[in-house]
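Below: one structure, written as structure tokens.
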Number of protein chains: 2
Amino acid sequence: MKPARPVRTSAPESSDARTALLDAAERLMLDEGYAAVSSRRLASRAGLDPGLIYYYFGTMDDLFIALFRRGAERSLERQAQALSSEQPLWGLWDMAHDPSDTALSGEFVALANHRKAIRAEIAAYSKKFRRMQLEMVTRVFESHRIDDESWPPAFVLLLLTSISRQLRIEETFGIDIGHAKTIAFIERRIRGLEGERTPRATRRGATRVRARRMGRRS
Amino acid sequence: MKPARPVRTSAPESSDARTALLDAAERLMLDEGYAAVSSRRLASRAGLDPGLIYYYFGTMDDLFIALFRRGAERSLERQAQALSSEQPLWGLWDMAHDPSDTALSGEFVALANHRKAIRAEIAAYSKKFRRMQLEMVTRVFESHRIDDESWPPAFVLLLLTSISRQLRIEETFGIDIGHAKTIAFIERRIRGLEGERTPRATRRGATRVRARRMGRRS
DNA sequence: GTCTATAATCAGATAGAC
DNA sequence: GTCTATCTGATTATAGAC
């Protein structure tokens, strides 16, 4: 029994078409910004009919929310893994330094300006992320007997995440004034606490793993 | 002698209508995001005819560029003043902490993703800003004999500006985890170098209200 | 589930009256 | 300079065939 118009009620949560639409939306958003993600352009990129978007998601807003959630859940998992590794600071720094995550969340922040449903979604997830991070930094700094007065965990956390984000944004604009020195300083400090970065501490292993994963098409 | 279709050639650089359009565009962008700035909505907000946009700016893109330039030039002046005051660090911190500037430039960054003309404009101005800032921090730290190894000027500069921006963004989402402690730490450090913030060092008189709010720690 | 066709709306932009 | 009217095309969303 297949409903003629499931819209936002009982459309299947997982299907090839649904996934293809989300994937295409993500790519489109990264390539040309959220404003470029219209139902028609999205469908044509996915090689599907625009009508399917409304079949699977109900509205474009709901598609954006589904896309955000998917990404947030993935990041949450990766973060949990990175923060529980033996080099949590490297993990945090490398995660915050991820180019596509930064760009995507930037687009969502801009989107949230006039789509209130997105706004609430972002706020909720951001708090989750932040709490996990703060807990980790606090724990690590305590274990290293780092003076709370000279390096408050909350400050260090905001420092790492916001500088990382800012560096990424500026890179896309071709701006790199002071970048090298800033990165060198931060990484020197992390090295002082956790030693040299080992491959295990980084997520996705950047390019190599991803390239390999894209090799297999199912 | 009035041209029937000046479009991007000889439309007057200053007029009440032109200014009203830019003002309305700025407000609209802050209220609902750049995507909400369509010729029709903009004109109706300004109480003018949509046709005037094309008369004064040629295209919507040109309007965005004009708007960005106007804001950037204003900020450049304010920054020059703030950085040449007797409390340049307070000036930098307070400027970077400006809510509307942050929101606006965030919108422009998102806009730049699919309007390449904006992109070049942002990059050029950002470098100007950054150079002025770096020069100031370097000078101030040298005069205070601050060790370049423990507090590299480039790092401190990126720290101040990007944390500031991040705090503002999060505030609009109702997120404040770690904010009070971070602000307290940074302002304590600035106070250590430049003493208590005096009204003169801040622009637009935002100080008093903020200072009161920052009084409490988290 | 996936498509065609279409409704209703809104976008950027121009022509021309005044 | 500012307006009305309009062209063209894109957008969200729905109805219904298969």
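Just so it is clear: chains get the letters A, B, ... in the order the sequence lines come, proteins before strands, and each one is counted from 1.
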| task | Establish, with yes or no, whether the OP1 or OP2 oxygen of D:dT2 is under 4.0 angstrom from a side-chain nitrogen or oxygen of B:Y56. | result | yes

| For A:S75, all residues meeting side-chain contact (heavy atoms from CB on, under 4.5 Å), sequence neighbours excluded | A:R78, A:M95, A:D101, A:F129

| task | Report the residues that fulfil salt bridge (charged side-chain N to carboxylate O under 4.0 Å, His left out) with B:R41, sequence neighbours left out, ordered by chain and then residue number. | result | B:E32

| message | If I take atom CG in residue B:L52 and atom P in nucleotide D:dT2, what distance separates them, rounded to the nearest angstrom? | response | 5 Å

| request: Under the side-chain contact (heavy atoms from CB on, under 4.5 Å) rule, collect the residues that match up with B:A25, sequence neighbours excluded. | output: B:V37, B:L42, B:L63, B:L67

| said: Quick test of your reading of the model: are B:R130 and A:D176 salt-bridged, counting only N-O distances below 4.0 Å? | reply: no

| message | With ring pair (Phe, Tyr, Trp, His ring centres under 6.0 Å) as the rule and sequence neighbours excluded, what pairs involving residues 63-86 of chain B come up? | response | B:F68-B:F108, B:F68-B:Y125

| message | Among residues at least two apart in sequence or on other chains, which ones pass ring pair (Phe, Tyr, Trp, His ring centres under 6.0 Å) with B:Y34? | response | A:Y34, B:H114

| Considering only side-chain heavy atoms of A:A17, which listed nucleotide, D:dC3, C:dT2, C:dG12, is closest? | C:dT2

| task | Specify the separation, in whole Å, of atom CG of A:L21 and atom C1' of C:dT2. | result | 12 Å

Pairs under 3.5 Å (N/O, protein and nucleotides 4-11 of chain D):
{"residue": "D:dT11", "atom": "OP1", "partner": "A:S38", "partner atom": "OG", "Å": "2.9"}

| Between A:D61 and B:R18, who's closer to the 5' end of DNA chain D by nearest nucleotide? | B:R18

